[in-house]
Structures are given as structure tokens and as C-alpha cells.
Enquirer: 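Have a look at the structure that comes next, please.
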Amino acid sequence: MAGGRSPITCHVLDSSCGKPGNNVPVKLEMLNPAANNAWASVAYGLTDADGRVGTLLDPSHQLVAGIYRMTFQTAEYWAAKGVTGFFYPYVQIIFEVVAGAEKQHYHIPLLLSPYSYTTYRGS
């Protein structure tokens, strides 16, 4: 991977205060059609002080085409911030790595508040 980075990275921004969402547990899984469409664990991480997980996968990890799911454990984040009454205890973002695009970098940003979230394909 160019630059020695994980082929899949993520970033959490707490839009309710305009600061990084640090210490958010993140889980990456891949859909396994051969196993009755069960999700197989690929990696775990925790967002850093800048709200990023840049080390989910080893830079040498070769992605395979398929459907992936990234789960952000937001309940733990809100509880640590003392926020009660949040609406989303976790956020799952499902995305696809298509055949022929396995060498691309995939960045999954999450803009988060207690009552909403949004995402997009980052760079």
C-alpha cells in the first residue's frame, strides 16, 4: 500500500461539539456468502485522540472484493462523555469493494451527534 497505511481507515468527528470522536471502538467485518451470509471478523480498532483509526489492517493486507461492514460502538463513546438519551447505540456502515478495485484505499468517515449521523466515502 502506498504510504504504508492500512487499506481501510476511518475517522469519527463529533459534530455536536466539533471535535474528534476519540476512544470509539470500531469493528470491521466481511460478509461471507459461503457461510450462510454470516459476517466474519476482519479487524478491531479504537479511534485515537484525532478520532482516527489508521491501523485497522496491516499496510501489506490485500483486500478482496466483497461486502464489508464497519461498526462504531457509539454507546461507549456517549457514555464516556456523560451523554444520556442518545439515539444510536452503534452505527453500522456497509460498503462494497468491487472486483478490480481491491488495491484502492477506503476511508470511512463518520460525522456523529447524539441524534444523527452521516457518512461518505473519504479519501
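Below, each value reflects all heavy atoms present in this structure, side chains not excepted, and no hydrogens, waters or symmetry copies.
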Enquirer: How far apart are the closest heavy atoms of Met70 and Ile8, and which atoms are they?
Expert: CE-CG2, 3.6 Å
Enquirer: Is a donor on one side and an acceptor on the other found under 3.5 Å between the side chain of Glu76 and the backbone of Thr74?
Expert: no
Enquirer: Taking the ring centre of each residue, are Tyr115 and Phe86 less than 6.0 Å apart?
Expert: no
Enquirer: Kindly compute the distance separating CG (Leu110) from SG (Cys10), expressed to the nearest 0.5 Å.
Expert: 8.5 Å
Enquirer: Under a 4.5 Å side-chain heavy-atom rule over Ile, Leu, Val, Met, Phe, Trp and Tyr, are Val98 and Leu28 clustered together?
Expert: no
Enquirer: With heavy-atom distances below 4.5 Å as the criterion, would you say the side chains of Lys103 and Gln62 are in contact?
Expert: yes
Enquirer: For Tyr88 versus Val91, what's the shortest heavy-atom pair and its separation?
Expert: CB-CG2, 4.3 Å
Enquirer: Do the non-hydrogen side-chain atoms of Trp78 and Pro114 ever get within less than 4.5 Å of each other?
Expert: yes
Enquirer: Might you point out which heavy atoms bring Tyr106 and Glu96 nearest each other, and give the distance in Å?
Expert: CE2-O, 4.4 Å
Enquirer: Can you list the steps and then say if Val64 with Val97 is a side chain to side chain contact (heavy atoms under 4.5 Å, CB included)?
Expert: CA-CA 7 Å; Val64 295; Val97 173; over 6 Å; no
Enquirer: Whether the side chain of Ser6 engages the backbone of Leu57 through a donor-acceptor N/O pair (distance < 3.5 Å, no angle test) should be reported.
Expert: yes
Enquirer: Where do Pro109 and Gly122 come nearest, in terms of heavy atoms and distance?
Expert: CD-N, 3.7 Å
Enquirer: Below 30° counts as parallel, above 60° as perpendicular, anything between as tilted: where do the rings of His11 and His107 land?
Expert: tilted
Enquirer: Any sub-3.5 Å donor-acceptor pair from Asn32's side-chain atoms to Ala34's backbone N or O?
Expert: yes
Enquirer: Got a sec, which hydrophobics cluster with Ile67, joining ILVMFWY side chains under 4.5 Å apart, including via others?
Expert: Leu31, Trp39, Ile94
Enquirer: Using only heavy-atom distances, determine whether the side chains of Ser41 and Glu29 contain a donor-acceptor pair under 3.5 Å.
Expert: no
Enquirer: Would a hydrophobic clustering, with Ile, Leu, Val, Met, Phe, Trp and Tyr connected at side-chain separations under 4.5 Å, put Tyr90 with Phe95?
Expert: no
Enquirer: Other hydrophobic cluster members with Leu13, side-chain heavy atoms of Ile/Leu/Val/Met/Phe/Trp/Tyr under 4.5 Å, chained?
Expert: Leu111, Tyr120
Enquirer: Measuring from atom CD of Gln92 to atom CD of Gln73, what distance do you get when rounded to the nearest 0.5 angstrom?
Expert: 8.5 Å
Enquirer: Within this structure, what is the CG-CD distance for the pair Leu63 and Gln104, rounded to the nearest 0.5 Å?
Expert: 10.0 Å
Enquirer: I'd like to check Phe72 versus Ile93 (side-chain heavy atoms, cut-off strictly below 4.5 Å). Are they in contact?
Expert: yes
Enquirer: Between Pro25 and Leu46, which heavy-atom pair has the shortest distance, and what is it?
Expert: N-CD1, 3.6 Å
Enquirer: For Arg52, does its backbone N or O pair with a side-chain atom of Asp48 as donor and acceptor, under 3.5 Å?
Expert: yes
Enquirer: With a 3.5 Å cut-off and no angle check, do the side chains of Tyr77 and Asn22 form a donor-acceptor pair?
Expert: no
Enquirer: Between Thr9 (side chain) and Val53 (backbone), is there a donor-acceptor pair under 3.5 Å?
Expert: no
Enquirer: Would you name the heavy atoms of Pro7 and Asp58 that are closest together and state the gap between them?
Expert: CD-O, 3.6 Å
Enquirer: For Ser116, does its backbone N or O pair with a side-chain atom of Ser113 as donor and acceptor, under 3.5 Å?
Expert: yes
Enquirer: Given 3.5 Å as the limit, does a donor-acceptor pair link the side chain of Thr47 with the main chain of Asn23, or not?
Expert: yes
